[in-house]
Student: 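Questions regarding the structure given below will be posed in turn.
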Amino acid sequence: MSYVPNTPEEQQEMLASMGLSSIEDLLAPVPEDVRLGHPLDLPPALAEPDLRRLVSRMAARNKSLDTTISFLGAGTYDHAIPSVVPHLQRRSEFVTSYTPYQPEVSQGILQATYEFQTMVCQITGLDIANASLYDGATAMVEAVFIALGPGGRGEVVISQGVDPQYRRVLQTYAFARGFTIKEVATENGVTSLEELDAAVTPSTAAVIIQQPNFLGCVEDAHAIEAIAHKGKGIFITTITEPASLGVLASPGEYGADIAVGELMSFGNAMSYGAPALGFMAAKQKFMRLLPGRLVGQTVEEGGKKQTGYVLTLQTREQHIRRERATSNICTNQSLLAIGATIYMAAIGKQGFRELGELCLRKAHYAFRQITAVPGFEPVFQSPFFDEFVVRSPIPASRLERHLAQADIIGGYSLAESYPELENCILFCVTETRTREEIDTLVAALKEVQA
Amino acid sequence: MSYVPNTPEEQQEMLASMGLSSIEDLLAPVPEDVRLGHPLDLPPALAEPDLRRLVSRMAARNKSLDTTISFLGAGTYDHAIPSVVPHLQRRSEFVTSYTPYQPEVSQGILQATYEFQTMVCQITGLDIANASLYDGATAMVEAVFIALGPGGRGEVVISQGVDPQYRRVLQTYAFARGFTIKEVATENGVTSLEELDAAVTPSTAAVIIQQPNFLGCVEDAHAIEAIAHKGKGIFITTITEPASLGVLASPGEYGADIAVGELMSFGNAMSYGAPALGFMAAKQKFMRLLPGRLVGQTVEEGGKKQTGYVLTLQTREQHIRRERATSNICTNQSLLAIGATIYMAAIGKQGFRELGELCLRKAHYAFRQITAVPGFEPVFQSPFFDEFVVRSPIPASRLERHLAQADIIGGYSLAESYPELENCILFCVTETRTREEIDTLVAALKEVQA
Amino acid sequence: SVEKLIFEKGAPGRRATNMPALDVPMEELDELLPSKMLRSEPAPLPEVSEIEVVRHYTHLSQRNFGVDSGFYPLGSCTMKYNPKINEDMAGLPGFGHIHPLQPDTTVQGAIQLVYELERYLAEISGMVRVTLQPSAGAHGELTGLMLIKAYHQSRNEGSRNLVLIPDNAHGTNPASATLADYKVVEVKTNPQTGGVDLEHLHTLLEKHGPSVAAIMLTNPNTLGLFDSNILEVARQIHEVGGQLYYDGANANAVMGITRPGDMGFDVVHFNLHKTCSTPHGGGGPGAGPIGVKSHLVPFLPGPLPAKHGDGTYSWEDAGPQSIGKVRANKGNFGVLVRAYTYIRSNGPDGLRSVSESAILNANYVKHGLAEEYEIAYPLICQHEFVATARRQKQEAGVTATDIAKRLLDFGMYAPTTYFPLIVPEALMIEPTETETRETLDEFIQVMKQIAEETRTTPEVVKTAPHTTVIGRLDQALAARKPNLRWEPGQEVTHA
Amino acid sequence: SVEKLIFEKGAPGRRATNMPALDVPMEELDELLPSKMLRSEPAPLPEVSEIEVVRHYTHLSQRNFGVDSGFYPLGSCTMKYNPKINEDMAGLPGFGHIHPLQPDTTVQGAIQLVYELERYLAEISGMVRVTLQPSAGAHGELTGLMLIKAYHQSRNEGSRNLVLIPDNAHGTNPASATLADYKVVEVKTNPQTGGVDLEHLHTLLEKHGPSVAAIMLTNPNTLGLFDSNILEVARQIHEVGGQLYYDGANANAVMGITRPGDMGFDVVHFNLHKTCSTPHGGGGPGAGPIGVKSHLVPFLPGPLPAKHGDGTYSWEDAGPQSIGKVRANKGNFGVLVRAYTYIRSNGPDGLRSVSESAILNANYVKHGLAEEYEIAYPLICQHEFVATARRQKQEAGVTATDIAKRLLDFGMYAPTTYFPLIVPEALMIEPTETETRETLDEFIQVMKQIAEETRTTPEVVKTAPHTTVIGRLDQALAARKPNLRWEPGQEVTHA
């Protein structure tokens with residue numbers, strides 16, 4: 001199946017109209033000694049129906065969350081997607097357009113992005129937001145770059161409550177740019193205030209926490225803010241579960257300078273974890289330091305002065321700040337941002353709050369039911385939102401196999417990232433898990449004991 | 001989940017603005033003695049996620065053709081749907097519009113329908129076509145109404161090779177309108193020319209065949225045409241498998257006056273058999289008799305004279321011919337017609353021919369493989385397109401259960417409609433069945449013998 | 001602007017989709033079929049690439065206006081919002097990709113859905129059983145009349161050959177009656193109430209009583225008015241042995257408030273694409289289920305869904321008195337899934353709120369327009385009402401058509417015009433319950449502006465629309481010289 | 001025209017979607033969380049009904065132009081047709097609804113797809129292994145430079161701190177180098193060939209040789225020209241111990257014809273959203289896989305997919321020399337499914353035909369424009385070329401921007417303007433292989449007409465666009481007084 005419309009005959013006519021006889025004439029600049037002398041070693045072309053069959057079969061080899069009961073969260077959350085979201089997000093005028101370099105024919109993407117920026121401010125309680133970033137982890141790195149400033153050296157303090165994947169990404173970038181990372185341990189599931197206080201010094205460029213943190217626990221953000229702002233460093237909060245903002249104090253309320261994180265779960269397919277939707281919101285003073293694209297409101301030139309939207313404070317590839325760059329971000333996640341925008345419009349003010357409440361209540365129901373099963377013990381006493389840690393009486397891998405037999409994907413086994421938490425499972429319960437499903441899990445856990 | 005946007009408070013304000021205090025004031029014309037005194041006895045409202053779960057579970061109780069191998073045809077055919085079709089057909093400007101009463105803002109539906117009419121002419125080889133009808137069966141009835149003319153009485157000759165469901169529908173309408181039906185038997189799977197010749201008289205209003213017929217066999221349409229046109233009656237051909245037109249002589253080529261049938265399988269979901277897509281094409285002379293909607297090309301009034309499209313020769317409900325009507329068709333199947341139009345554009349001239357050839361070749365391969373299994377005997381010697389009849393050595397119901405165990409839905413058991421064909425199965429093999437799937441069927445049939 | 005026809009695009013040899021590869025032995029066609037049966041000329045379908053197909057039909061969609069594009073106050077058509085969840089549910093593989101002849105054991109969910117939907121519709125209409133087979137409202141009408149005919153015949157009253165129909169009825173009513181081989185007798189509208197003229201009815205029944213097979217009514221009727229005398233009408237018809245047929249086109253006004261069954265009707269059809277929010281799709285598909293009282297049940301078309309003691313479902317043949325099949329297969333299933341989803345979404349209170357809100361919105365708009373436009377019957381209306389351009393016609397020669405066309409310039413669809421036939425220069429307006437107050441206010445505002453333009457710059461109205469992709473089209477030419485298909489060599493003309 | 005913001009729509013208490021019912025015991029929030037942790041003010045998200053959401057974003061889409069809307073010759077962005085089958089495959093529940101932390105046994109199809117796609121990309125680029133993790137081209141660049149950095153460090157050459165970049169390079173190249181803590185040294189373009197100025201390169205290497213970490217190149221470069229000296233460049237760089245980085249933005253010109261690996265490159269990134277037809281989505285998501293030669297394999301980020309003898313697949317951690325993770329999870333999987341589908345659709349011959357046709361189309365347009373527009377480098381181009389408005393600027397003060405804006409009036413998107421920076425008034429044109437000859441002819445025709453207008457009615461061009469929903473916007477105002485979010489009380493202004 002080819003998507004080249006012109007037939008060989010037409011191509012021949014086009015060549016002839018230029019006085020050429022063969023496509024070879026146009027390949028002349030490619031020296032013989034770099035030419036590929038044989039066809040690429042790839043499987044042969046497939047017609048669409050054969051292709052559909054092949055790829056559908058591969059997809060069928062995956063266990064979709066539609067056909068299993070999953071309690072996985074750990075950075076990627078299953079929130080119901082209202083039908084309107086894909087119907088609108090997938091309109092081809094959005095999907096097949098590019099970065100809105102010509103605003104006059106791109107007002108749709110631009111206005112939707114402006115609305116996205118506004119909604120990110122509304123849920124985070126901060127002043128400004130950008131048009132999106134690759135994912136939560138790289139968004140966190142970008143926030144660190146802001147903190148470090150040009151040159152990019154200095155010291156960053158990060159809680160071990162932050163998603164281990166995010167911390168590993170930060171380490172990679174630290175290697176490249178040459179900054180220093182200090183990790184602060186957790187205690188009873190939350191960042192140790194004592195250790196944090198010891199770690200933050202006048203040379204600390206940034207303090208980073210995650211809220212709720214990777215262990216599901218809600219940090220005492222107000223207390224952390226006080227410590228983080230002891231010096232001149234900025235306070236960065238990472239949010240991987242945006243549903244939490246429906247009930248938890250917003251970064252703006254507890255004084256974060258920059259909030260970053262992940263909004264993929266708002267209206268976008270989970271898609272094995274990506275494409276994701278990193279976001280960044282900040283206090284007003286960081287406006288000219290925000291990486292990635294920004295959409296601004298303006299008016300028409302000349303007489304009519306209608307309101308319109310443009311990319312502004314631009315760092316697009318043609319005039320990116322090149323050698324003076326503090327970020328190389330060009331592509332953003334526009335289409336996912338539109339999905340999240342439509343999602344937030346659809347659930348609205350009331351629904352956003354209810355979403356948080358549902359997750360909170362269902363998770364606490366599950367926590368109580370699970371920890372009532374003999375042998376399954378709570379690990380932390382700190383408050384939590386929609387994830388919590390339970391210690392399994394049997395090895396985590398055995399538990400995984402046991403639950404798989406009941407078509408359940410249990411929680412995330414923490415030992416790989418937190419060796420001290422052997423056989424500890426992080427369960428996630430969002431609004432998409434029903435009581436019946438939770439009870440099914442509990443019943444399966446009871447069998448473990450039997 | 002409600003789709004009423006205005007809140008109760010807003011509704012109260014709206015009432016107040018009219019000087020009313022309650023919605024009750026507006027229900028005053030409904031006398032108390034016809035009022036429903038209690039809420040409707042229906043299940044309570046569901047939020048969208050709960051609704052999705054409920055309905056998805058019902059859907060999951062059906063065995064989709066995606067997860068089984070089916071050899072069912074018998075009037076409803078499985079043809080692959082190119083991805084472009086639903087992407088375009090589902091654009092909301094098409095889906096959520098109505099009959100194009102205001103052509104200036106409905107050029108999309110109108111032009112697509114004009115293209116549909118043209119394509120129906122192109123595949124049938126006839127002069128004109130309408131904008132679609134409910135389904136093949138009712139389209140056939142509408143063709144009979146044309147033949148009968150106002151008043152609707154007379155005699156109709158129909159081959160028993162026509163889909164039994166279609167014949168039953170014709171009987172229902174004959175009861176209502178008071179016309180007479182003569183059925184002509186088949187011989188060796190095709191309409192008995194001898195019996196047909198005997199049945200057609202000077203008072204015959206119409207002769208109806210199906211091509212290929214319900215038993216899969218290809219009629220000798222040229223010979224039938226000669227008989228049908230002996231008197232003043234018109235010759236109607238019914239086509240339920242439009243893919244056949246890629247290789248078989250078109251109704252125009254063999255001299256049919258009207259071709260009717262079913263185009264649902266071109267680009268539209270099978271959807272348990274409906275909504276379907278009845279079509280009607282005819283010779284030019286029937287133009288002003290065609291039922292349903294017709295789109296015509298015209299030009300702008302006044303100076304500009306751009307080409308545009310309108311409903312024409314209209315029988316829309318406001319000025320339908322009322323008592324003088326020869327049809328009461330109002331709603332057509334526009335959205336399905338658009339699907340079929342996009343489908344035919346996508347497969348194109350070459351693909352349409354290839355489609356027919358693929359069905360033909362695959363069906364003949366399957367026929368030979370199946371009838372090579374001891375005990376499975378061919379029933380007819382007539383040529384066939386993509387369906388054929390095989391006699392099973394075991395009762396059809398037992399065969400069905402046997403194949404179900406191999407996740408195969410075998411063909412259609414003919415005995416219900418053709419008592420003389422006990423344990424005869426009509427197998428259908430379109431381009432969507434692979435050789436591997438056919439071989440799987442054959443392997444399962446071999447086990448029957450073992 | 002003009003979009004070329006797909007036939008004018010492409011080039012020989014181009015194609016969009018490829019067919020699957022041939023995976024069985026290649027055989028020549030004439031080895032498989034006698035050559036006289038083969039097509040001699042390939043069908044001259046377009047030869048276009050995938051990008052051409054996509055751009056072409058994308059452009060056509062951009063030249064079309066739907067409910068998702070804006071306000072669509074097309075009276076009698078109930079252009080309410082079409083929920084997207086309905087589309088998703090109908091598209092599930094378990095509903096979208098099943099064959100009508102699959103064994104019942106493999107389609108339990110489908111039969112269950114049909115079974116339950118039938119019961120919901122029976123409850124909503126106050127009927128005993130419902131058949132979901134008819135494909136559209138008019139198809140339902142014809143089916144309903146066939147049931148009535150079979151009923152009368154079963155009582156040896158087959159000679160009843162008249163159907164009474166009000167002068168404001170939908171055009172399909174008399175057409176359906178004619179097709180069912182009935183003679184139509186028109187019943188006058190009472191000019192005060194807008195309902196059936198009881199005196200006229202009485203006169204007709206005195207004269208034709210024993211010949212009357214049925215009366216076909218909508219209530220509220222096409223004027224948007226609820227006929228308060230409905231029980232009296234029913235009494236009179238039943239007294240002479242006739243049946244009452246309820247045209248459900250206006251059912252959006254009555255859900256949870258009153259029921260055709262309780263008003264005395266014997267047969268009712270639904271337009272699921274109106275009342276139950278399934279999309280109109282540019283003119284279809286629809287679905288026109290028929291509900292009946294118990295005396296008509298034996299005549300229903302088959303098959304009918306049945307639920308068994310063990311919780312399984314199956315299709316059962318209709319009984320010996322059945323009129324037979326009215327279409328192939330089991331009704332417009334894809335539409336039924338959408339309607340089912342809609343009813344389960346709303347629940348009983350939701351459906352009542354639908355009707356109440358539809359009534360409120362219609363009265364609100366009527367109230368807003370009353371200053372500038374004559375209202376045909378200035379009474380409390382139900383889900384719709386009929387305004388007129390009589391004043392504008394008299395004062396400035398501006399017609400209902402002109403006003404309709406001018407509305408298009410403001411990004412709104414037009415009301416139904418010139419219907420019902422008994423109201424000159426009619427503008428039949430049905431806002432539906434899914435419109436916001438702001439949209440209604442905007443419509444009122446625009447209509448007032450058009451009335452003002454009629455006074456000050458009538459030419460602007462008479463030559464509208466001005467902002468659409470094409471101006472008013474020559475309908476007369478289209479009918480006089482019908483051009484119903486493209487022929488090679490024919491090209492579109494551009495300004 | 002103006003579309004209000006979603007925040008200006010709706011009313012208190014309105015909502016579109018409902019949340020599922022609470023099916024566990026109701027508990028007060030402050031029983032579950034300390035009150036100081038609770039949000040004090042609800043987030044002021046919109047309060048709108050479903051129909052408002054649908055109409056709003058439908059209207060916004062109607063105010064946007066995509067490849068499906070028309071020709072999109074945006075140079076360097078490869079705005080080719082995005083096949084719809086790709087979208088369908090990515091949306092399959094088995095791909096669309098799986099969690100990144102599911103056990104490998106439950107995602108065998110996903111790992112298989114990644115595993116195979118990696119091999120396909122390695123073959124296309126002539127590399128040994130590929131990581132699919134980077135999220136976009138610039139992310140790939142940075143990842144590639146990190147690999148180079150780790151490589152040099154492993155050889156105790158960590159002091160190499162320079163990256164050479166041509167003056168016509170994509171802006172992300174120097175930015176990425178800076179982020180990887182490298183200093184950028186610009187390499188001049190040879191004004192005759194449009195390729196790397198070998199003399200200048202030689203001078204730089206003589207001076208900086210031991211400090212050179214890498215050179216970043218595209219080939220064909222941003223002028224659309226294939227640098228025939230590429231092997232010589234590679235030789236020189238390798239001679240001083242540097243690495244060659246291939247910016248794959250222009251890979252649409254080389255598939256099946258030549259391979260970065262064969263040209264001597266050590267690292268290459270792909271832009272799957274360009275070369276492999278995945279949609280650009282208004283600016284993302286993309287995907288920027290990185291392919292490497294064997295000496296760089298140990299440094300790749302993990303995890304990497306592995307296939308086992310029994311046909312199963314699993315994720316394996318990267319080795320001890322890995323640079324670590326560059327993002328969370330396993331790369332932009334949804335994008336990868338689309339790219340996989342595309343490659344399987346085309347096969348080896350199809351991919352070569354893609355590049356050949358892209359080259360043909362670009363030369364065809366260049367040839368068509370050459371009479372009216374100065375071509376920056378009037379040589380055989382590959383998949384794109386750079387025209388200029390120099391003549392138009394001189395003669396009538398009409399700029400590249402003016403021409404770009406005027407194109408919009410004809411239903412076409414504009415070329416990339418003012419890039420590469422070394423060409424004044426640049427119009428960078430990339431038609432791609434998926435455009436028909438007719439579309440190319442139409443574009444040439446329109447460009448000629450604009451050239452004619454420049455001579456006869458330059459004001460029409462300078463004040464364009466005239467037919468779009470909004471005219472030219474005040475960019476200066478936007479930057480001077482940035483308004484990046486809506487605040488209560490703020491209303492859009494209408495003409």
Side-chain angles (χ1 to χ4, degrees), chain B residues 1 4-5 29 39-40 42 44-45 55 58-59 61-64 72 82 88 91-93 95-99 104-105 107-109 118 123 134 137 165 168 172 269 271-273 275 296-298 300-301 304 307-308 312 317-318 320 322 325 328 330-335 346 349 354 365 435, chain C residues 15-17 19 23-24 43 45 57 60-61 63-68 89 92-94 96-97 99-100 106 108-109 135-136 138 171 174-176 184 226 258 279-286 324-325 328-329 332-334 345 347-348 357 419 436 468 470-473 478 483 485-486 492 495:
Chain B
M1 178 68 207
V4 172
L40 290 167
L42 296 172
V55 181
M58 286 173 85
R61 294 186 64 205
N62 301 324
K63 190 108 192 120
S64 148
L72 278 174
L88 295 165
R91 285 184 58 85
S92 65
E93 295 90 337
V95 174
T96 70
S97 67
Y98 195 39
T99 307
E104 299 86 355
V105 293
Q107 286 296 297
I109 286 279
T118 302
I123 64 171
Y134 304 141
Q165 289 203 70
R168 264 178 269 158
T172 305
S271 193
Y272 208 31
Q297 200 183 61
T298 186
E300 269 178 311
E301 288 179 357
K304 287 203 279 175
T307 297
T312 191
E317 60 250 59
Q318 290 94 312
I320 202 163
R322 301 182 85 97
N328 72 335
C330 169
T331 295
N332 61 1
Q333 304 292 99
S334 274
L335 194 62
K349 181 177 178 181
E354 288 169 3
Y365 170 81
R435 179 178 188 152
Chain C
R15 58 192 309 164
T17 287
M19 286 291 144
D23 59 357
V24 301
L45 289 173
Y57 293 102
L60 290 192
S61 78
R63 299 165 73 81
N64 220 61
F65 186 97
V67 172
D68 285 8
M89 296 300 94
L92 290 167
H97 203 186
H99 191 285
T106 67
Q108 287 293 297
S135 314
S176 298
V184 173
F226 195 93
T258 176
H280 286 68
K325 287 189 77 66
N329 300 322
N332 280 346
F333 183 71
S345 176
S357 306
F419 184 78
T436 62
T468 49
I470 198 159
R472 280 196 213 188
L473 289 159
N483 172 337
R485 64 169 292 193
W486 176 84
V492 300

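Numbers restart at 1 for each chain; the letters A, B, ... are given by sequence-line order, proteins then strands.
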Student: Hey, are the side chains of B/Gln165 and C/Asn329 touching, using non-hydrogen atoms and a 4.5 Å cut-off?
Tutor: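 B/Gln165 reaches C/Asn329 side chain to side chain.
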Student: Determine yes or no for a side-chain-to-main-chain donor-acceptor pair under 3.5 angstrom, with B/Ser271 supplying the side chain and C/Phe333 the backbone.
Tutor: no
Student: Please give me the minimum heavy-atom distance between C/Gly281 and B/Ile109, naming the atom from each residue.
Tutor: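 Closest approach of C/Gly281 to B/Ile109, heavy atoms only: O-CD1, 4.3 Å.
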Student: Mind checking what makes side chain to side chain contact (heavy atoms under 4.5 Å, CB included) contact with B/Ala59, not counting sequence neighbours?
Tutor: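 Applying side chain to side chain contact (heavy atoms under 4.5 Å, CB included) to B/Ala59 gives C/Leu92, C/Phe95.
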Student: Let's test your reading of the structure: which of C/His99, C/Met19, C/Arg15 forms the most heavy-atom pairs below 4.5 Å with chain B?
Tutor: C/His99
Student: What part of B/Leu88 gets closer than 4.5 Å to chain C, counting heavy atoms only: side chain, backbone, both or neither?
Tutor: side chain
Student: Could you pull out all residues at least two apart from B/Thr172 that satisfy side-chain hydrogen bond (donor to acceptor under 3.5 Å, both in side chains)?
Tutor: none
Student: For B/Tyr365, which atoms come within 4.5 Å of any heavy atom of chain C: side chain, backbone, both, or neither?
Tutor: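 Just its side chain gets close to chain C.
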Student: To check you understand the geometry: which heavy-atom pair defines the closest contact between C/Gly334 and B/Pro275, and what is its length?
Tutor: N-CD, 3.5 Å
Student: Nearest 0.5 Å, please: how far is OG1 in C/Thr17 from CD in B/Glu354?
Tutor: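 Nearest 0.5 Å value for the CD-OG1 distance: 11.5 Å.
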Student: Using a cut-off of under 4.5 Å on heavy-atom pairs, state which of B/Asn332, B/Leu335, B/Thr96 scores highest against chain C.
Tutor: B/Thr96
Student: Taking every heavy-atom pair that is under 4.5 Å apart, which of C/Ala136, C/Gly282, C/Gly286, C/Pro93 has the most such pairs with chain B?
Tutor: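 Of C/Ala136, C/Gly282, C/Gly286, C/Pro93, C/Gly282 has the most heavy-atom pairs under 4.5 Å with chain B.
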Student: Out of C/Gly284, C/Gly283, C/Gly347, C/Ala43, which one racks up the most heavy-atom pairs below 4.5 Å with chain B?
Tutor: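 Highest number of heavy-atom pairs under 4.5 Å: C/Gly283.
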Student: Could you have a look at C/Asp68, C/Val67, C/Thr436, C/Asp23 and say which one has the most heavy-atom pairs with chain B under 4.5 angstrom?
Tutor: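 Going by pairs under 4.5 Å, I would pick C/Asp23.
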Student: When heavy-atom pairs shorter than 4.5 Å are enumerated against chain C, which of B/Val55, B/Val4, B/Thr118 gives the highest number?
Tutor: B/Thr118
Student: In terms of heavy-atom pairs under 4.5 Å with chain B, which of C/Pro279, C/Pro285, C/Ser135 leads?
Tutor: C/Pro285
Student: Looking at CE of B/Met58 and CD of C/Gln108, how far apart are the two atoms once the value is rounded to the nearest 0.5 Å?
Tutor: 10.5 Å
Student: Nearest 0.5 Å, what's the CD1-CD distance between C/Ile470 and B/Glu301?
Tutor: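 Between atom CD1 of C/Ile470 and atom CD of B/Glu301 there are 11.0 Å.
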Student: Would you give the length of the straight line joining atom CD of B/Gln297 to atom CG of C/Asn483, rounded to the nearest 0.5 angstrom?
Tutor: 4.5 Å
Student: Please classify the contact of B/Ala45 with chain C as side chain, backbone, both or neither, using a heavy-atom distance under 4.5 Å.
Tutor: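 Backbone plus side chain of B/Ala45, per the 4.5 Å heavy-atom cut-off to chain C.
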Student: Under 4.5 Å, counting heavy-atom pairs only, tell me which of B/Ser334, B/Gly296, B/Gly273 racks up the most with chain C.
Tutor: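 Highest number of heavy-atom pairs under 4.5 Å: B/Ser334.
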Student: Taking B/Ala137, B/Pro82, B/Ala346 one by one, which has the highest count of heavy-atom pairs under 4.5 Å against chain C?
Tutor: B/Ala346
Student: Output the option from C/Gly109, C/Ala16, C/Gly66, C/Pro100 having the highest count of non-hydrogen pairs under 4.5 Å with chain B.
Tutor: C/Pro100
Student: Given 3.5 Å as the limit, does a donor-acceptor pair link the side chain of B/Glu93 with the main chain of C/Arg63, or not?
Tutor: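 No; zero donor-acceptor contacts below 3.5 Å.
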Student: By a 4.5 Å heavy-atom criterion (distance strictly below it), what part of B/Arg168 contacts chain C: side chain, backbone, both, or neither?
Tutor: both
Student: In Å, rounded to the nearest 0.5 Å, how long is the span from CD of B/Glu300 to CG of C/Leu473?
Tutor: 6.5 Å
